[in-house]
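Step one of this worksheet: look at the structure below.
Every heavy atom of this structure was used, including side-chain atoms; hydrogens, water molecules and symmetry mates were not.
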Amino acid sequence: MRYTQWRGILFFCFCLMISELEAQEGDLLLERRSSGIIKPDTSAEVEDISSVVGLTLEGLISRFGLPQSVYAVRGMETWQDDVVFTYEAGDFYIYKDRIWQIQIKAAYGIQIGDNLTSISWILGEGTQIYRDYFLIPLRGHSWPLMLRLNIDNVGLISAIFIYRPDF
């Protein structure tokens, strides 16, 4: 076979593989919408970013490498002070030697800039609705986790956090 024929066959196989992955992703999204609560992805292809919460510093650095930057966040009390490591994937809030909160641009099919109608499918049992944010429990983890969606004054998601409410 000539090179151009092989290239055409490889391109066709690649297109088939992409369409199958898109169909699987659509099935996952439909399953989440119908359940009314968010559960972590169990497929090997999709990493659940919430699994980072609880990692030690050593685990964080071995998984993501050295951070792009580091900054401090002051709380009202000294025990509320955090060191934050910034990566491409998001900001990782560390208390003592563990990640207790992450701020990310997208998770669970939601991203910064989405409007409230795009998140209505995840508002299930246990959701707490406040004036400028939503708290949604994340099921299926070793410890309690919450998804916090901050809402701006025009009804768009302005920040996404996943955190341990017991930390």
- prompt: Which atoms form the tightest heavy-atom contact between S50 and H141, and what is the distance?
  reply: OG-CE1, 2.9 Å
message: Is there a path of hydrophobic side-chain contacts, each under 4.5 Å between heavy atoms, that joins I160 and L156?
response: no
message: To the closest 0.5 Å, what do you measure between OG1 (T78) and CD (Q80)?
response: 8.5 Å
task: Could you pull out the closest heavy-atom pair between G54 and R98, with the gap in Å?
output: O-NH1, 2.7 Å
query: Do I129 and Y108 belong to the same hydrophobic cluster, where Ile, Leu, Val, Met, Phe, Trp and Tyr are linked whenever their side-chain heavy atoms lie under 4.5 Å apart, directly or via other members?
result: yes
statement: Looking only at heavy atoms, the pair that brings L55 and S51 closest together is CG-O, 4.4 Å
From CZ (R131) to CG (N153), nearest 0.5 Å: 10.0 Å
- prompt: Do any N or O atoms from the side chain of D81 and from the backbone of R74 form a donor-acceptor pair under 3.5 angstrom?
  reply: no
message: Can a donor-acceptor pair be found, under 3.5 Å and without considering hydrogens, that links the side chain of Y95 to the backbone of Q101?
response: no
- prompt: With distance as the sole test, does D82 use its side chain to make a donor-acceptor pair with the main-chain N or O of V84 at under 3.5 Å?
  reply: no
message: Is there a path of hydrophobic side-chain contacts, each under 4.5 Å between heavy atoms of I/L/V/M/F/W/Y residues, joining L60 to W143?
response: yes
- request: Report the C-alpha separation of I157 and I151 in whole Å, then their side-chain angles, then the decisive distance to 0.1 Å, and conclude whether the side chain to side chain contact (heavy atoms under 4.5 Å, CB included) test is met.
  value: CA-CA 5 Å; I157 296 172; I151 310 298; 4.0 Å; yes
- prompt: Does W100 belong to the same Ile/Leu/Val/Met/Phe/Trp/Tyr cluster as Y71, with side-chain heavy atoms less than 4.5 Å apart forming each link?
  reply: yes
query: side chain to side chain contact (heavy atoms under 4.5 Å, CB included) between Y93 and Y163: does it pass, once the steps are laid out?
result: CA-CA 9 Å; Y93 290 69; Y163 68 96; over 6 Å; no
- prompt: Which is it for R164 and L145 under the side chain to side chain contact (heavy atoms under 4.5 Å, CB included) test, yes or no, and what are the steps along the way?
  reply: CA-CA 5 Å; R164 284 186 64 174; L145 287 179; 3.7 Å; yes
- prompt: Side-chain heavy atoms under 4.5 angstrom apart, residues restricted to Ile, Leu, Val, Met, Phe, Trp, Tyr: same cluster for Y130 and M146?
  reply: yes
statement: Correct closest heavy-atom pair for A107 and I162 would be CB-CD1, 4.5 Å
message: More than 12 heavy atoms of other residues, nucleotides or ligands under 6.0 Å from CD of E88: yes or no?
response: no
task: Report yes if some heavy atom in the side chain of L57 is under 4.5 Å from a heavy atom in the side chain of F92; otherwise report no.
output: no
message: Let's go through F64 and F85 carefully: what are the C-alpha distance in whole Å and the side-chain angles of both, what is the deciding distance for ring-ring contact (aromatic ring centres under 6.0 Å, His included) to 0.1 Å, and is it a yes or a no?
response: CA-CA 10 Å; F64 291 97; F85 282 24; over 10 Å; no
- prompt: Which atom pair, heavy atoms only, marks the closest approach of P137 to G126?
  reply: CD-O, 3.5 Å
message: How long is the straight-line distance from CD1 of I112 back to CG of L149, given to the nearest 0.5 Å?
response: 10.0 Å
field: Where Y87 and Q68 come nearest, the two heavy atoms and their spacing
entry: C-OE1, 3.7 Å
- prompt: Quick one: are F134 and L147 in side-chain contact, heavy atoms under 4.5 Å?
  reply: no
